[in-house]
Amino acid sequence: MIQLPLSKLSNVGTTIFSQMTQLANENEAINLSQGFPDFPADPDLLNLVDHYIKKGFNQYAPMGGMMSLKEEIAKKIENAHEAIYHPDTEITVTAGGTQAIFTAIASLIKDGDEIIIFEPAYDCYEPTVELFGGIVKRFKMTAPDYSIDWNEVKKLVSNKTKLIILNNPNNPAGKILDESDFQELISIVKGTSIFILSDEVYENIVFDGKKHLSICKYPELKERSFLIASFGKLFHVTGWKIGYCAAPKNLTDEFRKVHQFNVFSVNTPIQLAFADYMKNEDNYLNLNVFFQKKRDLIRNGLSGTSFELLDCEGTYFQAVKYDKISNKKDIDFAHELTINHKVATVPFSSFYKEKLNENVIRLCFAKKDETLEMALENLRKI
Ligand code: GLN
């Protein structure tokens with residue numbers, strides 16, 4: 001066997017999401033770990049896909065995506081944030097959010113560039129940056145409120161800073177950025193050539209009447225940003241792997257140079273189906289109401305237990321602190337919960353490079369009410 005030279009990603013193993021799902025399956029546990037719905041998508045959407053496949057729309061889509069879908073995406077963004085992206089030159093349909101993130105980083109980052117991320121951070125950011133020789137600087141957000149001290153963030157900025165990666169709403173902390181966060185960010189990047197990658201895949205899942213503020217709402221930020229979103233989250237079809245990147249033309253041009261050699265183009269019939277389905281805004285505008293009921297089911301079910309509920313302003317993840325129950329590390333506690341109590345979760349330490357343990361785990365509530373009730377029954381016994 002030929003020996004591999006030093007791995008390009010020597011510290012990277014299988015993602016925690018796959019690990020916990022596998023552990024859940026092996027132990028026949030209720031899987032509240034990996035973020036995906038266990039309920040079906042709307043039959044109307046499934047019928048549309050069926051229609052386009054049977055009508056013969058089964059060949060390559062244009063590299064940047066089907067025009068009809070890109071037009072609907074542009075409309076959705078304009079209606080929500082009053083920001084204009086040109087469907088032809090500024091929106092690219094991707095094979096999911098993760099591919100869009102990879103491609104944006106690949107199109108921008110060179111050896112020695114510095115990138116600022118906020119921890120807890122979604123697991124693909126750092127390895128992707130490393131693959132292209134970038135150096136990651138981290139600001140740690142911590143329990144219980146996961147707020148950002150922008151004065152500390154400023155200290156991470158240097159003349160090598162190339163990119164700031166935001167995840168808003170934040171997975172796993174469920175935190176959203178507010179107006180003052182954006183003003184601070186503007187003051188940091190104004191007059192610099194720092195770019196922004198804004199991962200907003202949970203944009204439509206924000207609770208308690210709060211509003212999701214997108215990067216594209218702020219012209220000083222929009223002009224330097226890749227805005228990334230996901231249809232998997234929007235329409236309960238994570239396995240279809242379709243998302244998009246909206247960015248000004250000069251950024252989109254660079255993005256597409258990589259995209260064409262990475263995936264070339266994304267499957268045609270589903271793009272056409274989404275384009276039709278998106279024409280009815282009701283198909284996604286009530287997502288927050290739908291998920292807030294599930295969030296509240298979990299929160300009400302756990303109130304009065306020894307689990308401490310942290311705030312959940314957005315996403316379909318509820319963070320809970322368990323230090324009144326156990327002083328085990330979160331990864332060990334998550335294993336114990338899966339094996340002994342048959343509920344799988346994700347430990348927060350996996351979202352920190354240095355595995356910061358604050359005794360917090362993440363529960364995914366994108367599940368049928370009956371799944372959530374069963375999990376609650378087990379968790380209430382602890
Ligand atoms: N986004 C999903 C989560 O946070 C997982 C996606 C994946 O497994 N890569 O759980």
Side-chain angles (χ1 to χ4, degrees), residues 9 12-26 29-39 41 94-105 117-129 131 141 146 165-176 197-206 228-245 262-263 287 291 294-295 298 310 312-320 330-331 334-335 337-338 343-352 360-367 371-372 375:
L9 292 172
V12 172
T14 306
T15 80
I16 188 71
F17 312 112
S18 307
Q19 280 182 47
M20 292 311 297
T21 285
Q22 190 186 340
L23 194 70
N25 293 341
E26 283 164 8
I30 301 158
N31 189 2
L32 305 190
S33 64
Q34 197 173 24
F36 64 89
D38 71 344
F39 45 84
T94 63
T98 302
Q99 184 244 309
I101 291 163
F102 187 98
T103 300
I105 292 171
I117 68 169
F118 296 83
E119 293 185 324
Y122 190 55
D123 64 347
C124 74
Y125 305 148
E126 179 143 356
T128 310
V129 166
L131 271 181
M141 305 185 290
Y146 299 95
I165 301 183
L166 302 173
N167 180 205
N168 176 37
N170 175 274
N171 172 14
K175 179 91 183 162
I176 60 174
L197 187 166
S198 188
D199 171 356
E200 301 183 19
V201 299
Y202 298 99
E203 59 180 340
N204 281 79
I205 314 177
V206 169
I228 285 162
S230 153
F231 290 113
K233 311 294 185 296
L234 197 63
F235 296 136
H236 315 307
V237 286
T238 61
W240 290 3
K241 295 300 301 173
I242 301 195
Y244 59 88
C245 171
N262 188 3
V263 288
L287 205 62
F291 277 121
K294 295 191 180 291
R295 181 201 67 168
I298 276 275
L310 303 187
C312 174
E313 299 177 306
T315 75
Y316 44 52
F317 303 111
Q318 173 65 53
V320 297
D330 62 2
I331 180 87
H335 277 243
L337 264 190
T338 313
V343 180
T345 60
V346 174
F348 256 54
S349 61
S350 341
F351 297 86
Y352 294 90
V360 180
I361 52 172
R362 186 194 86 171
L363 280 66
C364 172
F365 53 81
K367 306 291 169 190
T371 309
L372 298 174

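Each ligand, and each atom within it, is numbered from 1 in the order the structure gives.
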Practice task
On the 0 to 90° scale, with breaks at 30° and 60°, tag the Y316-Y202 ring pair as parallel, tilted or perpendicular.
Solution key: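 Answer is perpendicular, since the angle exceeds 60°.
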Exercise for the section: Using heavy atoms and a cut-off under 4.0 Å, could you grab the residues that are in contact with ligand 1, chain by chain, numbers ascending? Expected result: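 If the criterion is a heavy atom under 4.0 Å, then ligand 1 touches F17, Q34, G35, Y122, N171, Y202, F317, R362.
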Exercise for the section: For the pair F235 and F231, name the ring-plane relationship: parallel under 30°, tilted 30 to 60°, perpendicular over 60°. Expected result: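 The rings of F235 and F231 lie parallel, inter-plane angle below 30°.
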Problem - Residues Q99 and T103: side-chain donor-acceptor under 3.5 angstrom - result: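 Yes, side-chain donor-acceptor contact under 3.5 Å.
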Handout entry: salt bridge (Lys or Arg N to Asp or Glu O under 4.0 Å) involving E126 - partner list, sequence neighbours excluded
Key =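 With neighbours one apart ignored, the set is R138, K353.
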Exercise for the section: Determine whether Q318 and T345 make a side-chain contact, defined as any pair of heavy atoms from C-beta on separated by less than 4.5 Å. Expected result: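 Contact flag for Q318/T345 side chains = no.
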Practice task
Evaluate the side-chain proximity of L23 to T21: yes if any heavy-atom separation is below 4.5 Å, no if none is.
Solution key: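 A side-chain contact is absent here, since even the closest heavy-atom pair is not under 4.5 Å.
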